[in-house]
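What follows is a single structure, written as structure tokens, with notes after it.
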Amino acid sequence: MTASIPTLPSQYDSSTTEAKWQAHWEENGVFIADPDHEGEPYCVVIPPPNVTGSLHMGHAFENALIDLLVRYHRMRGRNTLWLPGTDHASIAVQTILERQLRAENKTRDEIGRDAFLERAWAWKEESGGTIVGQLRRLGVSVDWSRERFTMDEGLSQAVLTAFGQLYDEGLIYRGQYMVNWCPASQSAVSDLEVENKEVDGHLWHFRYPLTEGGGYMEVATTRPETMLGDTAVAVNPTDERYTHLIGKTVMLPIMNREIPIIADEYVDASFGTGCVKITPAHDPNDFEMGKRHNLPFINIMNKDGSLNENAGEFQGQDRFEARKNVVKRMEADGFLVKIEDYKHAVPYSDRGKVPVEPLISTQWFVKIRPMADRALDFLDNHHDPVFVPERWTKVYRDWLVNLKDWCISRQLWWGHQIPAWYVVSETNGEITDDTPFVVAANDAEAREKAEAKFGADIQLEQDPDVLDTWFSSGLWPFSTMGWPDSTKDLETYYPTTTLVTGFDIIFFWVARMTMMAGHFTGKMPFQSVYIHGLVRDENNKKMSKSANNGIDPLVLINKYGTDALRYTLVREVTGAGQDIRLEYDRNTDESTSVEASRNFTNKLWNASRFVMMNLDGQTPEQLGLPEAEKLELCDRWILSRFHQVSRQVGQQLDHFAMGEAAKELYEFTWGDFCDWYIELVKSRLNQEADPESRRVVQQTLAYVLDGILRLLHPFMPHITEEVWQTLNQVTDGRVLALQQYPIADEAWIDADLEHQFELLFGVIRTIRKLRAEAGVKPSVAIATILQSEQASERSILTKGQAYIQDLAKVKDLTISETAPQQKMFAGVCGTVQVLVPLEGVVDVDALRGKLEKDLGKIEGEIKSLSGRLKNPGFVNKAPEDVVQGARDALAEAEKQAQILQNRLAQL
RNA sequence: GGGCGGUUAGCUCAGUUGGUAGAGCGCCUGCCUUACAAGCAGGAUGUCACAAGUUCGAGUCUUGUACCGCCCACCA
């Protein structure tokens with residue numbers, strides 16, 4: 001067979017190459033998991049992106065990290081599954097849809113639930129499609145055959161089962177409590193969806209007149225409008241200023257309601273006047289106090305944040321409008337004492353971006369303590385799951401410890417409708433707080449259950465509300481694998497191996513998954529949780545929609561390629577869990593850091609081209625491994641380096657040190673392989689070169705390049721696949737993605753040899769430096785004398801003399817024990833004196849300056865080292881090898897100084 | 001009010017168990033040396049935020065301070 005030489009185009013085209021392999025992997029089902037596959041299972045479920053539009057840089061970062069881990073373990077032979085999917089994101093999507101409706105001058109009530117949901121599903125199809133397309137462009141090695149959506153049939157079934165079971169166990173209850181009400185989305189939200197913002201507000205001081213005997217109680221508030229719903233004034237029971245008033249009453253201004261003065265430990269006598277107005281229906285503390293003291297709960301607010309009929313003349317006004325008007329009226333009536341500027345925290349709705357209103361309403365809750373305690377038990381007694389970096393364990397734990405019941409009902413339409421049916425015929429066709437209900441998986445079952453209790457002649461209505469999104473995402477690691485059915489996937493891949501996610505989502509999602517999984521599966525859903533930081537913009541600002549400072553991953557992918565972007569993001573994560581900053585120029589859409597990675601892909605590309613041009617059409621397999629005894633020094637050196645790097649990269653990836661591994665591979669590929677090895681062997685690749693030596697080089701080049709491609713594949717999957725396919729001239733459908741990851745062969749690692757090469761490289765650099773300083777043209781070969789008193793060094797130099805001649809462009813190389821006494825350019829590398837005789841061109845003054853500068857440096861070093869060695873504390877207490885190291889360094893420095901002094905003396 | 005990160009070259013960041021500071025980008029000089037100018041060779045650059053302590057020795061450990069950032073928190 002005539003060998004056709006495989007070639008690569010001179011320019012790497014990321015876009016066609018990436019698309020080609022993405023399609024190839026998918027069409028050939030390369031990443032489809034098989035529970036019967038050999039190997040220990042390795043499983044990751046994707047943190048499902050919200051179907052709220054498109055992916056952002058954070059997704060690119062997260063999925064680059066996951067794909068790196070997944071591809072690495074797959075190549076290590078694990079039975080791998082990465083399960084993809086998306087999340088319905090109830091509030092977020094509903095907010096988008098309602099904004100669209102508003103633009104059309106419509107409301108959701110006008111179009112009705114069915115039409116609204118139709119639009120929602122259409123949106124989901126579009127956005128979900130976009131996201132899935134973007135994930136494909138990131139080149140993620142997911143199993144698309146197992147793609148899930150939190151509202152698909154299977155997952156909905158899981159939600160029903162989970163809800164039903166929790167209800168039956170008494171862990172879900174319905175009741176009237178104070179919740180965080182978001183007037184913008186007109187829904188309850190959980191504590192987590194509330195964000196406290198520090199605002200410059202005011203503290204209004206009011207006077208409430210005592211009903212008897214004249215005089216006033218002075219109270220202060222940050223929300224004056226709530227006074228309309230006051231039903232008491234409270235003082236601390238030990239506050240002597242007021243003890244005589246406890247049990248008396250004040251007349252609430254405006255409303256002219258007589259309300260009691262009560263005593264409660266909660267009140268801090270040292271704050272303000274020590275009197276607190278109590279609005280049980282509109283403040284969480286007052287709510288508790290109201291229950292303790294049996295106070296009336298007067299709700300003054302509508303669901304949209306306007307005041308209701310209990311607010312008298314202020315009815316119909318928006319809460320902030322009413323605030324102004326109440327103050328005005330209080331002032332007019334002479335009850336306003338003063339207004340202070342006051343900085344305080346105001347709870348804002350995460351989604352609605354407006355202040356939440358504490359409101360009493362009937363909602364569904366999960367009784368959280370049993371589930372949280374179970375998760376805590378796993379953590380405390382089994383160290384499960386393991387957080388990386390470890391410090392997040394405490395964050396996770398503290399939150400579980402302080403967790404309160406979880407409000408899971410949302411007054412929205414997009415989401416899992418609560419599987420509770422009210423027997424409305426019992427309460428005049430309406431759903432009230434007292435309407436009896438049944439929890440069931442569907443209409444039929446509900447009817448059956450209800451009829452058993454209330455007879456056949458009943459009317460049922462399903463709860464209109466939906467569940468908090470996180471209720472279904474909490475089931476994600478097992479619902480996606482078929483739970484509640486027992487499936488082969490569950491049996492094989494559950495619990496999953498690692499969860500990779502951001503710290504911002506530990507409470508929302510990670511903790512919910514551990515609680516749900518602990519409860520329903522009796523296991524923690526993953527062994528480890530790798531927490532990454534945020535991707536920040538070029539100004540170190542958090543990227544957000546509102547700040548409009550997002551950097552679109554696709555822009556950078558189009559410009560530099562997916563591999564380059566991914567590599568940039570990964571190599572930045574050295575400090576695990578730290579936020580990373582992405583360089584970006586908004587005018588040109590350029591990123592210097594991604595460009596650096598793109599340059600690296602290009603370097604790899606061209607090095608591969610060079611190697612392939614010199615293999616005479618043979619593949620690594622055809623060439624085989626070189627025979628050990630035929631290897632030359634530099635061949636052994638690169639093989640030693642290769643195995644050393646393979647070992648380190650493997651260890652780093654096993655410990656989530658992805659950034660360090662990326663850097664290690666960068667240095668090895670660019671530095672050791674391209675800058676040194678390829679340059680060292682170029683002369684042996686000539687057609688005139690010794691055929692046997694040439695073949696050994698071909699074998700070594702092919703072997704190491706093949707290994708580099710494997711090592712780099714999880715980091716840069718597309719370019720490595722492309723090159724590997726070409727290098728190996730694949731025709732049988734093999735893919736690099738399924739090849740074995742290099743495992744270090746310790747026998748090849750030769751620290752002594754690597755050390756020898758450091759000396760050779762040092763000498764080469766010194767000669768190059770002298771040439772540059774002397775202004776010798778790169779094309780001109782020069783004579784060079786290397787002098788060392790140490791036989792061992794001379795031996796190394798002799799063995800490497802061809803390398804020195806090649807890479808330093810030296811024509812006459814002399815290696816000697818003594819140095820000739822004449823004017824020459826001189827430099828020192830270790831204890832090797834490097835001499836370049838260039839009598840004609842030597843600029844004596846420049847040379848003297850240079851030598852004096854070098855000498856100055858060395859003398860500083862000698863001073864520091866000898867000072868240390870004269871210190872008895874150091875010599876007596878420091879470990880022997882450290883002391884010896886200092887002695888060696890001093891000897892070398894003294895030797896260098898002596899050489900330089902000699903040279904100076906000769907000028 | 002509690003807790004957690006960070007502060008190292010002009011910029012972005014590394015720095016393993018304490019042994020005397022590094023990489024990329026940028027900058028300066030010289031090179032189109034037939035893999036690569038998205039490249040090659042060479043060069044310059046640091047009171048490691050500040051202070052005290054432990055130690056023979058601190059970027060690294062301890063304590064405190066300052067500044068930046070994040071998380072949690074029911075004082076009206």
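Only heavy atoms go into these numbers, but all of them, side chains included; no hydrogens, no water, no symmetry mates.
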Closest of B/rA35, B/rG19, B/rG39 to the A/Met613 side chain is B/rA35
Nearest-nucleotide pick for A/Cys674, side chain only, options being B/rA35, B/rA44, B/rG24 | B/rA35
Under 4.0 Å between any heavy atoms, over every strand shown, what does [X] touch: base, sugar-phosphate, or nothing? Just pick one.
{"X": "A/Lys603", "value": "base"}
{"X": "A/Pro879", "value": "base"}
{"X": "A/Trp204", "value": "nothing"}
{"X": "A/Ile278", "value": "nothing"}
{"X": "A/Asp268", "value": "base"}
{"X": "A/Arg765", "value": "sugar-phosphate"}
{"X": "A/Glu679", "value": "base"}
{"X": "A/Arg598", "value": "base"}
{"X": "A/Asp286", "value": "nothing"}
{"X": "A/Tyr342", "value": "sugar-phosphate"}
{"X": "A/Lys870", "value": "nothing"}

Any luck finding a side-chain donor-acceptor pair between A/Asp563 and A/Thr601 under 3.5 Å?
-> no
Hey, does the side chain of [X] reach the backbone of [Y] with a donor-acceptor pair shorter than 3.5 angstrom?
{"X": "A/Asn606", "Y": "A/Asn602", "answer": "yes"}
{"X": "A/Arg771", "Y": "A/Ala808", "answer": "yes"}
{"X": "A/Thr273", "Y": "A/Cys275", "answer": "yes"}

Are any of [X]'s side-chain N or O atoms less than 4.0 Å away from OP1 or OP2 of [N]?
{"X": "A/Arg391", "N": "B/rG5", "answer": "no"}
{"X": "A/Arg768", "N": "B/rG42", "answer": "yes"}
{"X": "A/Trp676", "N": "B/rA41", "answer": "no"}
{"X": "A/Lys682", "N": "B/rA35", "answer": "yes"}

[X] [atom1] - [N] [atom2] separation (whole Å):
{"X": "A/Arg868", "N": "B/rA58", "atom1": "CZ", "atom2": "C1'", "answer": "13 Å"}
{"X": "A/Asn614", "N": "B/rU34", "atom1": "CG", "atom2": "P", "answer": "14 Å"}
{"X": "A/Tyr584", "N": "B/rC11", "atom1": "OH", "atom2": "P", "answer": "23 Å"}
{"X": "A/Lys663", "N": "B/rU16", "atom1": "NZ", "atom2": "P", "answer": "13 Å"}
{"X": "A/Lys809", "N": "B/rC31", "atom1": "NZ", "atom2": "C1'", "answer": "12 Å"}
{"X": "A/Asp537", "N": "B/rG69", "atom1": "CG", "atom2": "P", "answer": "14 Å"}
{"X": "A/Asp283", "N": "B/rC75", "atom1": "CG", "atom2": "C1'", "answer": "10 Å"}
{"X": "A/Lys343", "N": "B/rG1", "atom1": "NZ", "atom2": "P", "answer": "13 Å"}

Watson-Crick/G-U partner (both atom distances under 3.5 Å) of [N]:
{"N": "B/rU20", "result": "none"}
{"N": "B/rG30", "result": "B/rC40"}
{"N": "B/rA35", "result": "none"}
{"N": "B/rC74", "result": "none"}
{"N": "B/rG53", "result": "B/rC61"}
{"N": "B/rU7", "result": "B/rA66"}

So with a 6.0 Å cut-off around NZ of A/Lys542, is the heavy-atom count from everything else above 12?
-> no
Taking the [atom1] atom of each, how far is [N] from [M], in whole Å?
{"N": "B/rA41", "M": "B/rG24", "atom1": "P", "answer": "11 Å"}
{"N": "B/rA52", "M": "B/rG59", "atom1": "P", "answer": "14 Å"}
{"N": "B/rC40", "M": "B/rU33", "atom1": "C1'", "answer": "8 Å"}
{"N": "B/rU63", "M": "B/rG22", "atom1": "C1'", "answer": "29 Å"}
{"N": "B/rA58", "M": "B/rG15", "atom1": "C1'", "answer": "14 Å"}
{"N": "B/rU17", "M": "B/rU60", "atom1": "P", "answer": "14 Å"}
{"N": "B/rA38", "M": "B/rG26", "atom1": "P", "answer": "11 Å"}
{"N": "B/rU29", "M": "B/rA44", "atom1": "C1'", "answer": "11 Å"}

Is the distance from the ring center of [X] to that of [Y] below 6.0 Å?
{"X": "A/Trp670", "Y": "A/Tyr666", "result": "yes"}
{"X": "A/Trp605", "Y": "A/Tyr12", "result": "yes"}
{"X": "A/Phe335", "Y": "A/Tyr208", "result": "no"}

Working for salt bridge (charged side-chain N to carboxylate O under 4.0 Å, His left out), residues A/Asp264 and A/Arg292 = CA-CA 9 Å; A/Asp264 196 288; A/Arg292 281 201 290 276; 3.0 Å; yes
List in numerical order all residues of residues 220-232 of chain A for which some heavy atom is under 4.0 Å away from an atom belonging to RNA chain B.
-> A/Ala220, A/Thr221
Is the A/Phe600 ring parallel, tilted or perpendicular to the A/Tyr567 ring (thresholds 30°, 60°)?
-> tilted
Pair A/Glu538-A/Arg586, salt bridge (charged side-chain N to carboxylate O under 4.0 Å, His left out): steps then yes or no | CA-CA 9 Å; A/Glu538 69 278 17; A/Arg586 281 175 201 277; 2.7 Å; yes
Take A/Arg868 and A/Asn871 through the test side chain to side chain donor-acceptor pair (under 3.5 Å) and record every step on the way to the result.
-> CA-CA 5 Å; A/Arg868 212 188 317 168; A/Asn871 180 343; over 6 Å; no
Any protein N or O atoms within reach of nucleotides 71-74 of chain B? Criterion: under 3.5 Å, listing atom names and distances.
unit_1: B/rC74; atom_1: O2'; unit_2: A/Asn285; atom_2: ND2; d: 2.7
unit_1: B/rC74; atom_1: N1; unit_2: A/Asn285; atom_2: OD1; d: 3.2
unit_1: B/rC74; atom_1: O2; unit_2: A/Asn285; atom_2: OD1; d: 2.6

On RNA chain B, check which nucleotide each of A/Asp675 and A/Glu538 is closest to and give me the residue with the more 5' one.
-> A/Glu538
With RNA chain B as reference, determine whether A/Glu583 or A/Val875 sits nearer its 5' end, using the nearest nucleotide of each.
-> A/Glu583
Examine A/Lys682 relative to A/Phe610 and say whether NZ or CZ is less than 6.0 Å from the centre of the six-membered ring and inside a 45° cone about the ring axis.
-> yes
Which of A/Asp286, A/Asn236, A/Asn285 passes side chain to side chain donor-acceptor pair (under 3.5 Å) with A/Tyr266? Answer is A/Asn285
